[in-house]
Amino acid sequence: MQMQAETNLMSDADMAEEIVIETQDVNVFYGDNHALRGVSLDIPKHQVMALIGPSGCGKSTYLRCLNRMNDTVEGCRVVGKILLDGIDIYGPQVDEVLLRARVGMVFQKPNPFPKSIYDNVAYGPRIHGLAANKDELDEIVLSSLEKAGLLKEVQDRLHSSGTGLSGGQQQRLCIARALAVRPEIILMDEPCSALDPIATAKVEELIDELKENYTIIIVTHSMQQAARVSQRTAFFHLGEIVETGPTEQIFTSPIDERTQGYITGRFG
Amino acid sequence: MTDLSNKTGGTGWNSDHFRKNLARRKRSEKRFQRIGLGAILTALTLLAILMFSIFSKGYTAFIQTSISLDVTFNEAIIDKDGTRDPEALRHANYTKLVQESLRARFPDVEGRSNLRALFGLLSNDASDTLRDMVMANPELIGQTLSVELLAGDDVDMLNKGYIDRDLAEDNRRVKDKELVWIDSLKEEGQIVTHFNSGFFTNGDSREPEKAGIAGAMVGSFYTLLITMLLSFPIGVMTAIYLEEFAPRNKFNDLIEVNINNLAAVPSIVFGLLGLAIFLNVAHLPRSAPLVGGLTLALMTLPTIIIASRAAIRAVPDSIRQAALGLGASKQQAAFHHVLPLSMPGILTGTIIGLAQALGETAPLLMIGMVAFIADIPGGINDPATVMPVQIFLWADSPERAFVEKTSGAIMVLLAFLVLMNALAVFLRKKFERRW
């Protein structure tokens with residue numbers, strides 16, 4: 001296994017990046033439906049990895065394997081190895097609650113809790129006991145909102161409802177909420193699909209800033225978005241990874257015919 | 001085809017067939033609206049008739065007729081030794097005092113049967129009233145006071161116009177000689193009417209003029225308290241477990257089917273269950289609110305579970321995902337987010353279930369809460385009855401005066417039900433959150 005990981009790394013030929021997540025031959029089944037077929041993918045640290053592909057190709061399924069959100073789906077079975085810093089996250093010593101604190105997630109539809117903006121961001125630190133007192137909690141909330149680029153807009157109404165914000169603000173609030181738990185990796189499942197172009201631009205800008213400190217894996221249907229924000233791209237098709245590599249390479253000189261077909265809009 | 005104004009020919013949207021079909025659809029829509037409106041109007045009319053019948057019969061239950069008499073607190077009758085010993089005062093013959101007062105008012109009445117009819121003008125509660133006065137203030141002894149004493153139910157009924165004076169004397173509850181006395185009292189302004197506070201403070205009684213619903217109200221309160229304390233937490237916890245934690249398998253499907261069936265089981269069956277388990281096996285006290293509450297809790301549980309499950313299911317999955325994605329455990333997601341968000345629906349379901357329990361009679365008949373109980377229950381183990389059973393008992397009583405009591409009690413019960421439903425609406429509005 002170790003050998004294989006190394007060869008993968010070398011064949012990438014790009015540079016000797018530090019790999020955070022190693023996926024080895026992962027298969028996912030929903031009941032009898034074989035949703036993900038032998039997916040192997042290495043995710044480098046502090047970069048944005050874009051997952052693209054037509055609907056139903058398994059990219060969201062793959063994303064949800066990384067923080068074990070698939071565990072909550074009835075009848076879902078994951079086979080294979082997903083190593084986070086060399087430790088199998090489906091192994092017995094890994095607790096999914098702790099895992100989800102390390103691997104945060106932002107969903108397709110902005111889903112703030114129907115509570116105040118402050119309570120939304122403070123919820124994660126509260127349940128994990130990250131703040132010893134009120135001042136520390138305030139500090140975490142404010143810095144998370146700052147990192148998500150939302151602080152200026154909501155500074156004077158921290159205690160009004162999070163659901164009263166606009167769609168783009170709500171999504172950035174969800175990002176702030178994820179950041180407040182101090183994750184290492186952030187998974188984003190089509191975070192801009194429900195947003196208008198201006199809000200999308202803001203979120204993309206934010207993703208670009210966040211990659212300094214976080215590893216980001218983003219599922220997107222927008223080729224332009226993938227091209228704009230990501231350093232590496234993986235193309236999924238029918239539950240398999242067809243091609244993966246530096247984003248530039250995927251979009252300019254894809255090796256596989258199917259990749260080329262998809263990015264030029266001939267199918268998918 | 002080219003002529004769009006052509007009304008007779010054409011194809012597609014312009015064809016005769018299309019126009020005819022459109023007219024038919026419009027007619028069908030109008031018809032449906034009219035039928036719907038008609039159904040609602042019929043229901044409202046029937047409800048109005050019901051309400052009118054109850055209110056017109058029942059409002060007099062809140063009015064009480066009394067007779068104002070000059071009572072001489074004769075020391076020779078009350079306390080002939082002059083000791084003012086409370087024990088002696090309690091057991092003195094106050095009935096004689098009442099009778100003396102009536103004889104003083106009508107000195108020319110003679111003969112045993114005539115005198116008995118005369119004494120019948122007043123309720124036998126009158127002597128208790130005098131005793132209470134003397135016990136509270138022994139100074140009264142020796143004085144003469146004008147005291148308002150509760151009239152008997154026949155006088156009350158006559159005063160409220162329920163007894164027809166034109167009937168033949170044989171068919172009339174109030175005889176001619178009594179009519180003369182009553183009219184004489186009326187002329188002197190000695191017949192007075194008041195708000196019937198006793199209706200709300202007295203327990204049940206064989207004498208209609210003394211009967212009140214306080215006992216039934218307190219009984220209902222204790223019973224419902226037990227029901228609520230048991231069925232609300234158990235029902236909500238069950239709903240959370242089934243919705244949020246239980247795996248989908250055959251066993252849980254079976255549980256679900258059974259809960260749905262239980263909600264449709266006739267309530268008297270729960271009464272039989274209560275009789276078999278709580279009385280015959282557990283030997284809990286008969287006729288007690290404890291047993292009534294346990295039985296009604298069994299009956300209310302399915303309602304609460306079904307309503308709570310529906311409310312929990314209505315919470316968007318994105319909220320659960322958001323919490324789980326932050327590293328909340330399943331239990332934290334359920335109790336921090338799902339439960340608070342489903343609370344309005346849960347509370348509405350619970351209050352509707354409890355309102356149902358408040359109006360339930362049949363299961364309580366099985367566990368002995370149908371007994372005649374004059375005392376107001378002091379706890380959950382005392383014999384008691386509840387409001388709907390009280391209504392049932394009074395509706396079954398032969399005295400004319402119990403008719404208005406029945407309607408009056410129904411009005412009180414309806415008032416409680418309206419109050420509970422208003423509370424449900426209020427709580428729903430208060431806890432409602434939008435997202």
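When each of B/P247, B/A322, B/S318 is scored by its heavy-atom pairs under 4.5 Å with chain A, the top score falls to B/A322. Interface summary for chain A: among B/K330, B/Q321, B/R248, the most heavy-atom pairs under 4.5 angstrom belong to B/Q321. With chain B as the partner, the residue from A/Q170, A/H128, A/E96, A/M105 showing the most heavy-atom pairs under 4.5 Å is A/H128.
Around the CD atom of A/E74, the shell of radius 6.0 Å holds more than 12 heavy atoms that belong to other residues, nucleotides or ligands.
Checking A/R182 against A/N213 by side-chain atom types alone, no donor-acceptor pair falls below 3.5 Å.
At a 4.5 Å heavy-atom cutoff, the contact between A/R64 and chain B is made by side-chain atoms alone. Of the two parts of A/V97, the backbone and the side chain both hold a non-hydrogen atom closer than 4.5 Å to a non-hydrogen atom of chain B.
Aromatic rings of A/F113 and B/H336 (six-membered ring for Trp) have centroids beyond the 6.0 Å cut-off, not under it. For an aromatic pair to be called close, the ring centres must be under 6.0 Å apart, and A/Y214 with A/H46 fails this.
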For A/F107 and A/M69: C-alpha separation, side-chain torsions, deciding distance, then whether side chain to side chain contact (heavy atoms under 4.5 Å, CB included) applies. CA-CA 12 Å; A/F107 296 85; A/M69 279 298 271; 3.8 Å; yes

